Each structure stands twice: as C-alpha cells, then as structure tokens.
Asker: 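Quick one: the structure is below, and I'll ask about it shortly.
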Amino acid sequence: ILRSFAKMGVKWHVDLSLDFQVDILKRLENLLQLRTGGQVMNEHHLSTILYSLGTTGVVWNDLSTNLQKIIEEKVHQFTLANDNLSSQGTTPLVGFGPQGFSMTVVGLSRMQTDWSKMNLKLAGALKRGVRKLHHLMNGSQLAVLISGLAKLNFKCDSLKPALKRAFLG
C-alpha cells in the first residue's frame with residue numbers, strides 16, 4: 001500500500017488522517033518484526049518501504065523510537081549478510097543488493113534522516129553497505145547512492161582512507 005501511495009503522489013501529512021497514519025505505522029512495526037522460520041522481510045521489501053515512506057513525506061522523527069530501532073536493526077542485518085560476499089564480488093543471496101541498498105539510502109534521505117544525528121548502528125551499517133556494494137553498482141545505482149548520501153549530510157571525511165580511495169577513485 002505504501003508503494004501505491006508513493007506512486008499516486010499521496011502526501012503523508014496532507015492526504016492521510018492522523019488515525020490512518022498511526023494505523024499504517026503500527027502495522028509496519030508489526031510486519032517488520034515478523035519471523036517464521038527465518039526472516040519474512042527481505043531487502044527488497046525494506047528498501048521499498050523506506051523509499052515509499054520518504055516519497056510520501058514521512059520524516060524519520062515521525063516514527064516511534066521503537067520503529068526507528070526496528071528499521072536500524074533490519075538495515076544492520078541486511079548489511080551484515082553482505083559480509084558473506086566472496087572475493088570475486090558476487091551478488092549475495094541474502095542481504096542488500098546494489099539496487100536495494102541505494103534505494104534504502106535514498107529512502108532514508110527523503111525521510112530527512114541526518115547523518116550527524118543518526119544512531120551509530122545505522123551509520124555503521126550504511127558505511128558497511130557502501131564498502132561492500134559500491135564496486136557492484138552500475139553508474140545509475142552509484143549516482144543514486146551518492147545523491148542519497150549527500151542528502152543525509154554524509155561527509156566524505158568520515159570514511160576510512162582506503163574506502164575513500166575505493167569510493168572516489
């Protein structure tokens with residue numbers, strides 16, 4: 001439903017009643033916590049949700065602290081799964097792929113998430129995602145990632161020298 005709202009141009013604070021907003025966020029919180037024999041939520045679902053929330057005008061601070069923590073944990077889990085990438089750089093079966101990761105960053109940036117105020121776990125997960133996935137991205141994905149990072153107020157000097165060289169050339 002969030003993706004459809006985003007495609008239709010629905011604006012969170014204008015077009016949706018407060019009761020409906022609360023209901024959507026509560027259902028989202030429950031959905032993100034579901035587990036049946038493993039993770040129900042995959043990286044595509046998470047990136048679509050974050051992108052759609054940002055596109056409709058949801059601000060990170062609109063989310064409950066609990067929902068923020070759940071999202072931070074999911075991003076962390078999906079970037080940890082990328083630690084299983086082989087040295088040949090094959091795309092992981094579990095975890096973020098280049099498209100999902102770049103759209104997650106854009107979603108967070110559209111939600112007016114700010115790097116300087118970001119939870120260290122989420123910031124670390126995003127840095128790990130950049131480190132593990134930037135070399136697998138095509139030009140469009142890399143441009144989207146860089147744009148999203150800039151809108152998060154990410155500063156390049158927060159990267160370790162080796163990652164800065166790899167990322168910037």
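Quick caveat, the model's predicted, so the values are computed rather than measured. Residue numbers start at 1 and run along the sequence shown.
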Asker: How long is the straight-line distance from CG of Leu53 back to CE of Met111, given to the nearest 0.5 Å?
Answerer: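 Reported value, rounded in 0.5 Å steps: 5.0 Å.
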Asker: Would you say the side-chain atoms of Thr113 pair up with the backbone N or O of Leu108, donor to acceptor, closer than 3.5 Å?
Answerer: yes
Asker: How far does CZ of Phe78 sit from NE2 of His44, to the nearest 0.5 angstrom?
Answerer: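 If we round to the nearest 0.5 Å, Phe78:CZ and His44:NE2 are 11.5 Å apart.
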Asker: Using side-chain contact (heavy atoms from CB on, under 4.5 Å), reason through Lys155 and Trp115 one step at a time and then give a plain yes or no.
Answerer: CA-CA 8 Å; Lys155 301 299 179 212; Trp115 190 267; over 6 Å; no
Asker: Please tabulate, for the side chains in residues 136-144, all donor-acceptor contacts under 3.5 angstrom to protein atoms that are two or more places apart in sequence or on a different chain.
Answerer:
unit_1: Asn138; atom_1: OD1; unit_2: Ser140; atom_2: N; d: 3.0
unit_1: Asn138; atom_1: OD1; unit_2: Gln141; atom_2: N; d: 2.8
unit_1: Gln141; atom_1: OE1; unit_2: Asn138; atom_2: N; d: 3.0
unit_1: Gln141; atom_1: NE2; unit_2: Gln99; atom_2: OE1; d: 3.3

Asker: Could you list the residues that satisfy side-chain contact (heavy atoms from CB on, under 4.5 Å) with Ser4, not counting sequence neighbours?
Answerer: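 Ser4: no side-chain contact (heavy atoms from CB on, under 4.5 Å) contacts found.
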Asker: How far does OG of Ser47 sit from CZ of Phe96, to the nearest 0.5 angstrom?
Answerer: 6.5 Å
Asker: Quickly, which of Gln77, Met103, Lys74 forms a side-chain contact (heavy atoms from CB on, under 4.5 Å) with Leu46? Name it, please.
Answerer: Lys74
Asker: Of all residues at least two apart in sequence or in a different chain, which pass the side chain to side chain donor-acceptor pair (under 3.5 Å) check with Thr55?
Answerer: Arg110
Asker: Is it true that Val106 and Leu145 fall in one hydrophobic cluster, defined by side-chain heavy atoms closer than 4.5 Å?
Answerer: no
Asker: Can you name the residues that form a side-chain contact (heavy atoms from CB on, under 4.5 Å) with Ser64, not counting sequence neighbours?
Answerer: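 For Ser64, the residues satisfying side-chain contact (heavy atoms from CB on, under 4.5 Å) (neighbours in sequence not counted) are Glu29, Asn66, Leu67.
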Asker: List for me each residue that meets side-chain contact (heavy atoms from CB on, under 4.5 Å) alongside Asn30, sequence neighbours excluded, and say none if there are none.
Answerer: Lys26, Gln33
Asker: Above 12 or not: heavy atoms from other molecules or residues under 6.0 Å from NE2 of His13?
Answerer: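 Correct, the count exceeds 12.
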Asker: Is the backbone of Val130 close enough, under 3.5 Å, to the side chain of His134 for a donor and an acceptor to pair up by distance?
Answerer: yes
Asker: Could you work out, with side chain to side chain donor-acceptor pair (under 3.5 Å) as the rule, every residue matching Arg3, not counting sequence neighbours?
Answerer: none
Asker: Sort and list the pairs that fulfil salt bridge (Lys or Arg N to Asp or Glu O under 4.0 Å) and have at least one residue in residues 13-25, not counting sequence neighbours.
Answerer: Asp23-Arg27
Asker: Go through the steps for Leu80 and Arg128 under the test side-chain contact (heavy atoms from CB on, under 4.5 Å), then give the verdict.
Answerer: CA-CA 8 Å; Leu80 278 180; Arg128 184 172 36 259; 3.8 Å; yes
Asker: If you group Ile, Leu, Val, Met, Phe, Trp and Tyr by side-chain heavy-atom gaps below 4.5 Å, do Ile1 and Ile49 land in one group?
Answerer: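 They do share one cluster, since a chain of ILVMFWY contacts under 4.5 Å joins Ile1 to Ile49.
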Asker: Flag yes if Met8 and Val58 sit in one hydrophobic cluster, no otherwise; membership is Ile, Leu, Val, Met, Phe, Trp, Tyr, and two members link when side-chain heavy atoms are under 4.5 Å apart.
Answerer: yes
Asker: Can you tell if the side chain of Ile71 reaches within under 4.5 Å of the side chain of Leu122, non-hydrogen atoms only?
Answerer: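 Ile71 vs Leu122: side chains apart.
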Asker: Return the CG to CG distance between Leu50 and Leu28, rounded to the nearest 0.5 Å.
Answerer: 8.5 Å
Asker: Under the side-chain contact (heavy atoms from CB on, under 4.5 Å) rule, collect the residues that match up with Leu120, sequence neighbours excluded.
Answerer: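 For Leu120, no residue satisfies side-chain contact (heavy atoms from CB on, under 4.5 Å) once neighbours in sequence are set aside.
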Asker: Linking I/L/V/M/F/W/Y whenever their side-chain heavy atoms sit closer than 4.5 Å, directly or via other members, would Tyr51 and Phe5 fall into one cluster?
Answerer: no
Asker: Using 0.5 Å steps for rounding, measure from the OG atom of Ser109 to the CH2 atom of Trp60.
Answerer: 12.5 Å
Asker: Give the minimum heavy-atom separation between Gly95 and Ala81, together with the two atoms involved.
Answerer: CA-CB, 3.6 Å
Asker: List in chain and number order the residues that pass side chain to side chain donor-acceptor pair (under 3.5 Å) with Asn61, two or more places apart in sequence or in another chain; answer none if no residue qualifies.
Answerer: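 Asn61 satisfies side chain to side chain donor-acceptor pair (under 3.5 Å) with no residue once adjacent residues are dropped.
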Asker: Any chance you could measure Leu126, atom CG, to Arg131, atom CZ, to the nearest 0.5 Å?
Answerer: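 If I round to the nearest 0.5 Å, the distance is 12.0 Å.
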Asker: Considering residues at least two apart in sequence or located in another chain, which fulfil the salt bridge (Lys or Arg N to Asp or Glu O under 4.0 Å) criterion with Asp62?
Answerer: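 Result, salt bridge (Lys or Arg N to Asp or Glu O under 4.0 Å) vs Asp62: none returned.
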Asker: Leu31 and Ile70: same hydrophobic cluster, using ILVMFWY side-chain contacts below 4.5 Å?
Answerer: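 Yes, it is one cluster - the side chains of Leu31 and Ile70 are joined through contacts under 4.5 Å.
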Asker: Please identify each residue that fulfils side chain to side chain donor-acceptor pair (under 3.5 Å) with Asp114, with sequence neighbours left out.
Answerer: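 Residues passing side chain to side chain donor-acceptor pair (under 3.5 Å) with Asp114: Ser116, Asn153.
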Asker: Among all residues two or more places apart in sequence or in another chain, which pass the salt bridge (Lys or Arg N to Asp or Glu O under 4.0 Å) test with Lys121?
Answerer: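 Scan of Lys121 (salt bridge (Lys or Arg N to Asp or Glu O under 4.0 Å), adjacent residues dropped) gives Glu73.
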Asker: Go through Thr79 and Lys132 one step at a time and tell me if the side-chain contact (heavy atoms from CB on, under 4.5 Å) criterion holds.
Answerer: CA-CA 8 Å; Thr79 58; Lys132 292 290 185 176; over 6 Å; no
